Q: 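Below you'll find the structure I mean.
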Amino acid sequence: MLGQRLEVTAMRADGSEIPVELTITAIGDFPHPTFTAFIRDLTERKRAEVELRQSEERYRDLVENAHDIIYEHDLEGYYTAANKAAQHITGYSLPETLELNMTQTVVPEYLEKAQLMFQRKLAGEEITAYELEIIAKNGSRIPVEVNTRLVFHDGVPVGVQGIARDITERKRLEGALRESEEQLRQSQKLEAIGQLAGGVAHDFNNLLTAINGYSALALRRLGDDHPVSSYLEEIRKAGDRAANLTRQLLAFGRKQLLQPLAINLNDIVGDMINLLKRLIGEDIQLVTRPDAKLKLIKADPGQLEQVLLNLVVNARDAMPSGGTVTIETANTTLDGAYAGRHVGVTPGEYVILAISDTGTGMDHATQSRIFEPFFTTKETGKGTGLGLSTVYGIIKQSGGNVWVYSESGKGTTFKVYLPQVEDQVAPREDSKADATIKRGCETVLLVEDEELVRKLAGDLLEESGYVVLSASGGEEAISFGKNHTNRIDLLITDVVMPRISGKQVAEQLAKIHPETKVLFMSGYTDEAIVHHGIVDSHIAFIQKPFSERALAQKVRDVLDSENGNK
């Protein structure tokens with residue numbers, strides 16, 4: 001033991017123990033040597049060793065219990081270490097991992113990027129975090145964010161130490177955010193197009209009112225035997241088709257007149273089944289799955305019929321070789337999470353109308369444009385491209401939402417969501433069958449800033465026997481009211497006019513002639529008269545363009561009514 005260093009425990013005079021290093025050396029020859037002993041206090045060194053050991057244990061604990069993958073690989077890409085998170089996330093055990101090379105765990109399309117980053121690191125660049133995807137043991141792809149640093153031995157790089165964070169959830173949230181942003185952009189685009197379409201349709205309606213009205217008057221006066229009657233009839237037909245287009249544009253722009261009732265959506269579907277079966281043909285099966293406990297909604301029945309018709313016809317056209325159309329209704333609750341993923345949705349209780357087909361389906365690019373007016377994938381002459389834009393406008397104006405779910409070759413489902421209400425179901429009124437309209441002799445004050453429409457309406461009213469006072473604007477109408485001492489039975493006024501609106505004319509005239517009833521007219525409904533396109537039940541309204549018969553009937557209805565907006 002001579003000359004060796006021993007670690008022993010010594011005792012101080014006070015009885016306390018201390019770690020020491022003992023070295024004993026012999027001086028002189030055997031058999032009478034002299035011994036010397038050197039004792040070094042190891043207290044500080046032992047304390048440092050304990051701290052180092054604790055530090056290593058903390059580091060090991062930190063690495064092993066980290067949620068991120070912590071790994072090392074050599075310069076050839078073979079893994080030399082991996083923590084428990086790596087095993088949990090990738091599914092590879094530690095022995096399996098140590099048999100792998102990075103070329104086996106990085107998704108092939110990201111391998112070049114990973115190798116480039118490694119080379120740049122070796123070249124001395126400070127590279128920030130980068131993203132790639134790795135392959136788990138089960139073959140799934142895992143997106144990760146990687147940070148690396150070189151490992152050195154005697155100043156020479158011998159490998160790489162890295163931290164890879166699983167960003168699957170972040171990617172999902174980013175995808176959801178991109179989808180929401182795309183929905184918002186699409187919603188804003190549709191809103192802008194709707195404003196334009198509604199404005200154009202409003203102005204066009206004034207022209208159509210004159211075209212359709214005067215062609216009808218000319219046809220009546222000339223008779224069927226006149227040489228130009230056939231030309232006028234074609235003008236009238238073209239005007240009717242144009243009027244239908246403007247109605248669709250107004251629907252898309254959410255500027256149409258709605259007359260909502262509390263209804264059961266099952267009744268709408270049931271009433272239209274026979275018509276829909278005739279429309280889709282014998283090679284397409286129509287299946288209905290109504291919810292027997294369906295809640296009520298508040299909407300315009302006629303407009304909902306249009307929605308159902310458009311969606312079923314669209315489904316039919318997507319199945320040229322036949323298939324199945326399924327119409328379903330159900331109650332549902334849209335929560336805050338759903339609303340967060342769908343722009344424009346308010347959480348609450350809804351009724352769903354779902355129309356599904358087994359047709360050709362749509363790709364993402366097509367889906368992003370299907371609600372735009374005049375966008376169509378059908379061949380020329382097979383549609384105007386206004387069917388789905390009309391659906392969009394009607395549903396949005398009714399306080400609901402419509403979404404499409406589709407994949408190429410796998411069919412399409414349109415889901416319409418309309419808010420539930422607690423009102424009682426209102427009876428559906430039958431259309432009037434009486435072909436004759438009673439003539440009149442009352443005095444009518446007609447207010448319209450468009451000269452063409454004003455002259456036509458005046459001629460139509462005079463043809464029906466009424467005494468007509470024509471005003472080109474609000475100021476002139478009020479002046480007529482002040483100066484006309486006799487009775488004014490009816491005010492017919494445009495809604496939107498310069499300086500003084502139709503509603504203001506009606507309010508001021510009521511102070512002068514309280515007996516006067518009111519009929520509003522417009523190419524679209526106005527916020528001054530309607531709230532979000534919904535007309536109050538006591539307000540009489542006629543939509544431009546109107547026919548001679550429609551105007552005569554509406555005037556007679558208002559004059560014969562008990563209240564007439566007073």
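Treat the numbers as computed from the prediction; the structure is a model and nothing was measured.
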Q: Rounded to the nearest 0.5 Å, what separation is found between the CG atom of Asn310 and the CD atom of Glu305?
A: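 If we round to the nearest 0.5 Å, Asn310:CG and Glu305:CD are 12.0 Å apart.
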
Q: Walk me through it: do Val325 and Met319 pass the test side chain to side chain contact (heavy atoms under 4.5 Å, CB included)?
A: CA-CA 9 Å; Val325 177; Met319 298 183 292; 3.2 Å; yes

Q: Are any of the side-chain heavy atoms of Thr326 and Thr413 separated by less than 4.5 Å?
A: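 Result no, sub-4.5 Å side-chain heavy-atom pair not found.
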
Q: More than 12 heavy atoms of other residues, nucleotides or ligands under 6.0 Å from CD of Glu282: yes or no?
A: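 Result for CD/Glu282: open.
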
Q: Are Ser229 and Leu219 close enough, and set up right, to give a side chain to side chain contact (heavy atoms under 4.5 Å, CB included), and what steps lead you there?
A: CA-CA 6 Å; Ser229 291; Leu219 278 168; 4.2 Å; yes

Q: Should the pair His484 and His513 be assigned to parallel (<30°), tilted (30 to 60°) or perpendicular (>60°) ring geometry?
A: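 Tilted: the ring planes of His484 and His513 meet at 30° to 60°.
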
Q: For the backbone of Lys293 and the side chain of Asn331, can you confirm whether one donor and one acceptor N or O come within less than 3.5 Å of each other?
A: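 Yes, the answer is positive, given that a donor and an acceptor are paired below the 3.5 Å cut-off.
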
Q: Between Val269 and Pro290, is any pair of side-chain heavy atoms under 4.5 Å apart?
A: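 In short, these two side chains do not touch, never coming nearer than 4.5 Å.
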
Q: For the side chain of Glu515 and the backbone of Ile488, is there at least one donor-acceptor N/O pair under 3.5 Å apart?
A: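 Yes; at least one donor-acceptor contact below 3.5 Å.
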
Q: Would you say Arg289's side chain and Glu328's backbone share a donor-acceptor pair under 3.5 angstrom?
A: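 Looks like no, no N/O pair under 3.5 Å.
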
Q: Mark yes or no for whether Tyr392, through its side chain, and Val402, through its backbone, hold a donor-acceptor pair below 3.5 Å.
A: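 Between the backbone of Val402 and the side chain of Tyr392 there is no qualifying donor-acceptor contact (under 3.5 Å).
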
Q: For Thr358 and Thr324, indicate whether the former's side chain and the latter's backbone hold a donor-acceptor pair under 3.5 Å.
A: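 Such a contact is found between Thr358 side chain and Thr324 backbone.
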
Q: Between CG of Leu491 and CD of Gln508, what distance do you get to the nearest 0.5 Å?
A: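 Nearest 0.5 Å value for the CG-CD distance: 11.5 Å.
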
Q: Minimum heavy-atom separation for Lys455 and Tyr214, please, with both atom names.
A: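 Here Lys455 and Tyr214 meet closest at CG-OH, 3.2 Å.
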
Q: For Leu217 and Asp459, run side chain to side chain contact (heavy atoms under 4.5 Å, CB included): C-alpha distance rounded to whole Å, both residues' side-chain angles, the deciding distance at 0.1 Å, then the answer.
A: CA-CA 9 Å; Leu217 276 178; Asp459 290 344; 4.1 Å; yes

Q: What heavy-atom pair brings Asp283 and Ser321 nearest, and what distance separates the two atoms?
A: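 For Asp283 and Ser321, the tightest heavy-atom pair comes out as OD2-C, 4.4 Å.
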
Q: Which atom names give the shortest non-hydrogen contact between Cys441 and Val467, and what distance separates them?
A: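 Closest heavy-atom pair between Cys441 and Val467: O-CG2, 4.2 Å.
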
Q: Once rounded to the nearest 0.5 Å, what's the spacing between atom CG of Leu551 and atom CD of Glu463?
A: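 Interatomic distance, Leu551 CG to Glu463 CD, rounded to 0.5 Å: 12.0 Å.
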
Q: Is there a side-chain contact between Met521 and Lys554 (heavy atoms, below 4.5 Å)?
A: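 SC-SC contact between Met521 and Lys554 ruled out.
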
Q: More than 12 non-hydrogen atoms from neighbouring residues, nucleotides or ligands closer than 6.0 Å to CD on Glu451, yes or no?
A: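 Atom CD in Glu451 is not crowded, with 12 or fewer foreign heavy atoms closer than 6.0 Å.
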
Q: Does Ile395 reach the side chain of Phe414, with side-chain heavy atoms less than 4.5 Å apart?
A: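 Contact flag for Ile395/Phe414 side chains = no.
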
Q: Is the backbone N or O of Gly411 less than 3.5 Å from a side-chain atom of Ser406, with the two atoms forming a donor-acceptor pair by type?
A: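 Judged by distance alone, yes, a pair lies under 3.5 Å.
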
Q: Does Asp357 use its side chain to pair, donor to acceptor, with the backbone of Arg316 at less than 3.5 Å?
A: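 No; judged by distance alone, with no hydrogens or angles, the pair does not exist.
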
Q: Keeping Gln420 on the side-chain end and Tyr350 on the backbone end, is there a donor-acceptor pair under 3.5 Å?
A: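 Indeed, once roles are kept as given, a pair shorter than 3.5 Å links the two residues.
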
Q: Start with the C-alpha distance between Glu450 and Asp494, add both sets of side-chain angles, then the distance that settles side chain to side chain contact (heavy atoms under 4.5 Å, CB included), and finish with yes or no.
A: CA-CA 9 Å; Glu450 285 285 342; Asp494 192 17; 5.8 Å; no

Q: Using a 4.5 Å cut-off on heavy atoms from C-beta on, say whether the side chain of Lys517 contacts that of Leu519.
A: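 Side-chain contact under 4.5 Å: no.
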
Q: Is any side-chain N of the basic residue among Arg556 and Glu442 closer than 4.0 Å to the acidic one's carboxylate O?
A: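 The answer is yes: the pair qualifies as a salt bridge.
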
Q: Give, for atom CG of Leu452 and atom CD1 of Ile211, the distance between the pair rounded to the nearest 0.5 Å.
A: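 The distance works out to 8.5 Å.
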
Q: For Gln303, is there any backbone N or O sitting under 3.5 Å from a side-chain donor or acceptor partner on Asp300?
A: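 Yes, because the side chain of Asp300 sits within donor-acceptor range (under 3.5 Å) of the backbone of Gln303.
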
Q: In terms of heavy-atom contacts, does CD of Glu233 have more than 12 from other residues, nucleotides or ligands at under 6.0 Å?
A: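 Counting other residues, nucleotides and ligands, CD of Glu233 exceeds 12 neighbours.
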
Q: For Val518 and Val558, which heavy atoms make the closest approach, and how far apart are they?
A: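 Closest approach of Val518 to Val558: O-CG1, 3.9 Å.
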
Q: Against Ile263, only a single residue in Ile297, Leu296, Val421 fulfils side chain to side chain contact (heavy atoms under 4.5 Å, CB included); can you say which?
A: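 The side chain to side chain contact (heavy atoms under 4.5 Å, CB included) with Ile263 is passed solely by Ile297 among Ile297, Leu296, Val421.
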
Q: Do Ile235 and Asn212 have side chains that get closer than 4.5 Å, going by heavy atoms?
A: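 Contact flag for Ile235/Asn212 side chains = no.
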
Q: Any side-chain heavy-atom pair from Leu461 and Ile492 closer than 4.5 angstrom?
A: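 Side-chain contact under 4.5 Å: yes.
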
Q: Going by the side chain to side chain contact (heavy atoms under 4.5 Å, CB included) test, name the single residue among Val351, Ile327, Ile352 that passes it with Leu265.
A: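 Result: among Val351, Ile327, Ile352, Val351 is the only option passing the side chain to side chain contact (heavy atoms under 4.5 Å, CB included) with Leu265.
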
Q: Salt bridge between Glu475 and Arg499, side-chain N to carboxylate O under 4.0 Å?
A: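 Yes, Glu475 and Arg499 are salt-bridged.
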
Q: Which heavy atom of Arg454 sits nearest to which heavy atom of Ala471, and what is that distance?
A: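 Here Arg454 and Ala471 meet closest at CD-O, 3.4 Å.
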
Q: Side chains of Leu418 and Leu353: does their closest heavy-atom pair fall under 4.5 Å?
A: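 They are not in side-chain contact.
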
Q: Using only atom types and a distance under 3.5 Å, with no angle test, would you say the side chain of Arg487 pairs donor to acceptor with the backbone of Thr516?
A: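 Such a contact is absent between Arg487 side chain and Thr516 backbone.
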
